[in-house]
Amino acid sequence: MKFIVFLTLLHLGYNTVLKNILQTYLQEEFQKYLTKYQHKMIDTSFCVYINVDRKCLSDIYDKFIKQNSCPRLVLGKTVKNIQFVYKSQEVFIFINEISEIGSVVETLKNYRFWNPRCNHHFIICSPVNNTNFLQNMLYLIWSNNILNFVVVFVFQFLLQIYSLNPFKKEILNFTGDSTNIFSDKLTNLYGHQFDVPFTEDFPLVNRGRTDYQGQDYCSWEVVKNALNATFKLKAKKNFPEILAQIQNKSDFSLNTVFVVLDEKSQPVEYTYPHRRKDFVVMIPIDYDPHRHAMVSIFNPSIWILFLVALVATAAVSTTAEQNKHLFIKFLLKNLESFLGSPFHRLDLLRWQLKLKLIVFIICCMVFRTLFQSFLIGNFISPPLLHPIETVTDLKNSGLKILTSGNKVNITTIGEDDLRSQVIQSTRVEQMRRIRDVDKSVAYLISRHNAEGIVDKRSIGTPEFYIMPQTLTPGIGTYVFRKHSPFLDKIDLYLQRVREFDLTGENFGHTSKAHGLRQENILVALGLQHLELVFIGLFWGLFLSVLTFIAEIISKQLFDHEK
């Protein structure tokens, strides 16, 4: 009996000694791994140790972790809103049991410093008897959007390091070679399919004859080919539906999304802004058909000066001829010359008076040239009836503003007391009325779309202009699902696409026809531009005929009285 007790105690003591030896070996191996990897880190200040209270880390904590500058946390005991821990580049997570990984990651998500796109080291402290758990555990970590990670454990007295390439569906073993355990897995996605919601947004995304087109669509095509990925496009009605879809399960948006400049935290993430996406009011150009272009060319003071010069020239010519009955004749001759006919001859003897009249004539010729030039310009682009330049002008005008989607909620139109002038419609209805040049309303749209519409209609008589005062300034970005592992890589590709114009298309608008005045616009003159001239000619001929008939009738009556 005593012998059996002795054997039992000996066995228990042997197991205790063996367990202590194994535990010491584990700590030595983990310390070697941490020390070796720390030398590879560019900046050791951007790291964090999670669950440092594990018993298996007692020696490592005293000899290595405690001496390190990285913060040390215990999940569930450390306050979640800690201020001294920033988003880290390296996260070392210590786990007692394999089954803890899922709950540890879920808890870790609640901390502000957590960054799923950094490098994660899952270190299993306890000895591992087999590796049957490995595949399920690797895919469990990947299901939490953690792409750059390794699982470190000791199996059969050998330090094991494993990772996963989910796109190639390959388990990566770095046990023998740990020189590059965090290689870039996004260089080739092997046909990985992205779930991408979108909505038609001319001219950025719109349906062509056979496929979609537009700047956004072409940019994403370049990115898709560079990543060797595929897109599963899902058409949505508007941008709120796109955001809701991304918050649920989609990867990112195909459309450029408007973001207010002072916008803070959101349930989604954004790429680096690639354009200004202000919201502006596009106003129809309202010409005054009753406003005579011939009269409105110069200010009233210029017209008064011209009349004085006209009368003075006729008076001087009459005095020179010493015949007061010729005043009306000279006045009509000067007016005729102003309209384009040659000036009459000056049969004068005194050269001083002739010189003075020549100076008058030269001044009239300059004035006549300016008048004719401005007259043609007004035929091409008549003056606006009531130009609107500010929000105050827009409010005072009472002009209705047609908009679509949720632009009323994301812009300052409500704060500017313009909500009573807003008419809500669908995007299809808004674009239809723009194509039909409906001038009964103004249009609240993004600046890029407004510039595209104004430029497209700048050849010929302009139909719209953009109100100079921006309604709501903002930026244009693409929306990604929160904590997406693809954001940084795709953002880099998108910047390269824009920087080097890899789409090979010219989507920019170089025309400056966005304000109230149109500059450097080539216009083909047609009969519509000279309509007023022909109308004046018709009425002149008509009045001439009436005058001729009146003279004939008056002469016949006069002869009859005789």
Side-chain angles (χ1 to χ4, degrees), residues 26 30 33-34 37 47-57 60 65 70-82 85 87-155 159-175 181-182 185 192 195 246-251 267-269 480-487:
L26 288 175
F30 291 147
Y33 172 79
L34 294 174
Y37 191 79
C47 63
V48 61
Y49 293 108
I50 306 296
N51 289 339
V52 294
D53 62 335
R54 301 297 189 251
K55 292 181 179 180
C56 60
L57 298 177
I60 301 178
I65 299 177
C70 297
R72 302 171 295 277
L73 304 177
V74 178
L75 296 183
K77 295 182 181 179
T78 310
V79 181
K80 294 181 181 180
N81 238 354
I82 47 181
V85 180
K87 286 192 174 182
S88 305
Q89 297 175 355
E90 306 288 337
V91 178
F92 298 88
I93 306 171
F94 300 99
I95 300 172
N96 274 336
E97 301 293 337
I98 298 171
S99 58
E100 285 184 330
I101 287 188
S103 60
V104 167
V105 173
E106 289 298 326
T107 306
L108 195 59
K109 288 181 179 179
N110 298 323
Y111 285 80
R112 191 179 64 177
F113 68 85
W114 184 63
N115 178 18
R117 290 185 287 274
C118 71
N119 298 332
H120 289 73
H121 306 254
F122 292 91
I123 302 176
I124 303 175
C125 298
S126 58
V128 173
N129 298 324
N130 59 70
T131 58
N132 297 333
F133 66 92
L134 192 58
Q135 181 173 347
N136 292 334
M137 184 179 65
L138 295 178
Y139 278 98
L140 174 63
I141 297 173
W142 163 240
S143 66
N144 288 278
N145 295 325
I146 302 176
L147 179 61
N148 299 319
F149 71 92
V150 290
V151 177
V152 183
F153 58 91
V154 173
F155 175 63
L159 187 71
Q160 307 281 336
I161 305 174
Y162 285 91
S163 185
L164 174 71
N165 187 335
F167 315 112
K168 200 175 179 180
K169 296 179 173 59
E170 178 185 10
I171 296 178
L172 307 176
N173 187 352
F174 298 106
T175 300
I181 60 178
F182 291 110
K185 301 174 184 176
H192 176 76
D195 191 285
I246 292 175
Q247 292 179 35
N248 292 332
K249 60 178 181 179
S250 293
D251 292 291
V268 293
E269 292 187 272
F480 273 70
R481 187 175 69 241
K482 194 76 171 179
H483 303 313
S484 171
F486 308 101
L487 176 60

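Judged as a ring pair (Phe, Tyr, Trp, His ring centres under 6.0 Å), and not counting sequence neighbours, the contacts of Phe486 are Phe167, His192, Phe194. Annotation: side-chain hydrogen bond (donor to acceptor under 3.5 Å, both in side chains) contacts of Asn145 (sequence neighbours excluded): Arg481. Remark: Lys249 engages Lys234, Gln245 in a side-chain contact (heavy atoms from CB on, under 4.5 Å) (not counting sequence neighbours). For the side-chain hydrogen bond (donor to acceptor under 3.5 Å, both in side chains) test, no residue two or more places apart in sequence or in another chain qualifies with Ser484. For the side-chain contact (heavy atoms from CB on, under 4.5 Å) test, residues two or more places apart in sequence or in another chain that qualify with Lys109 are Val105, Glu106, Trp114, Asn144.
Scanning both residues, Phe182 and Val150, for their nearest heavy atoms gives CZ-CG2, 4.0 Å. Of all heavy-atom pairs between Thr175 and Leu159, the closest is CG2-O, 3.2 Å. Taking both residues in full, the closest heavy atoms of Phe122 and Ile95 are given as CD2-CD1, 3.9 Å, listed atom of the first, atom of the second, then distance. Closest heavy-atom contact between Arg117 and Glu269: NH2-OE2, 2.9 Å.
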Intermediate values then yes/no, side chain to side chain contact (heavy atoms under 4.5 Å, CB included), Tyr162 and Phe153
CA-CA 9 Å; Tyr162 285 91; Phe153 58 91; 3.8 Å; yes
Show your working on side chain to side chain contact (heavy atoms under 4.5 Å, CB included) between Ser126 and Asn96 and close with a plain yes or no.
CA-CA 6 Å; Ser126 58; Asn96 274 336; 5.5 Å; no
So Phe149 and Val91, side chain to side chain contact (heavy atoms under 4.5 Å, CB included) or not? Walk me through it.
CA-CA 9 Å; Phe149 71 92; Val91 178; over 6 Å; no
So Leu164 and Ile141, side chain to side chain contact (heavy atoms under 4.5 Å, CB included) or not? Walk me through it.
CA-CA 9 Å; Leu164 174 71; Ile141 297 173; over 6 Å; no
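Ring centroids of Tyr49 and His121 are separated by 6.0 Å or more, keeping the two rings apart.
Residue Glu100 holds its CD atom at 11.5 Å from CD1 of Ile93, rounded to the nearest 0.5 Å. Between atom CD1 of residue Ile146 and atom CD1 of residue Ile101 there is a gap of 9.5 Å, rounded to the nearest 0.5 Å. Residue Ile161 holds its CD1 atom at 9.5 Å from CD1 of Ile123, rounded to the nearest 0.5 Å. To the nearest 0.5 Å, atom CG of residue Asn119 and atom CG of residue Leu147 are 10.0 Å apart.
The residue from Val151, Asn165, Leu172 that alone fulfils the side chain to side chain contact (heavy atoms under 4.5 Å, CB included) condition with Leu138 is Val151.
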Could you go through residues 129-137 and list every donor-acceptor pair under 3.5 Å that involves a side-chain atom there, pairing it with any protein atom two or more places apart or in another chain?
| unit_1 | atom_1 | unit_2 | atom_2 | d |
| --- | --- | --- | --- | --- |
| Asn130 | OD1 | Asn132 | N | 3.2 |

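Checking side-chain atoms of Asp251 against main-chain N and O of Asp195 turns up a donor-acceptor pair under 3.5 Å.
Side-chain contact between Pro485 and Lys185 is absent, with no heavy atoms from C-beta onward closer than 4.5 Å.
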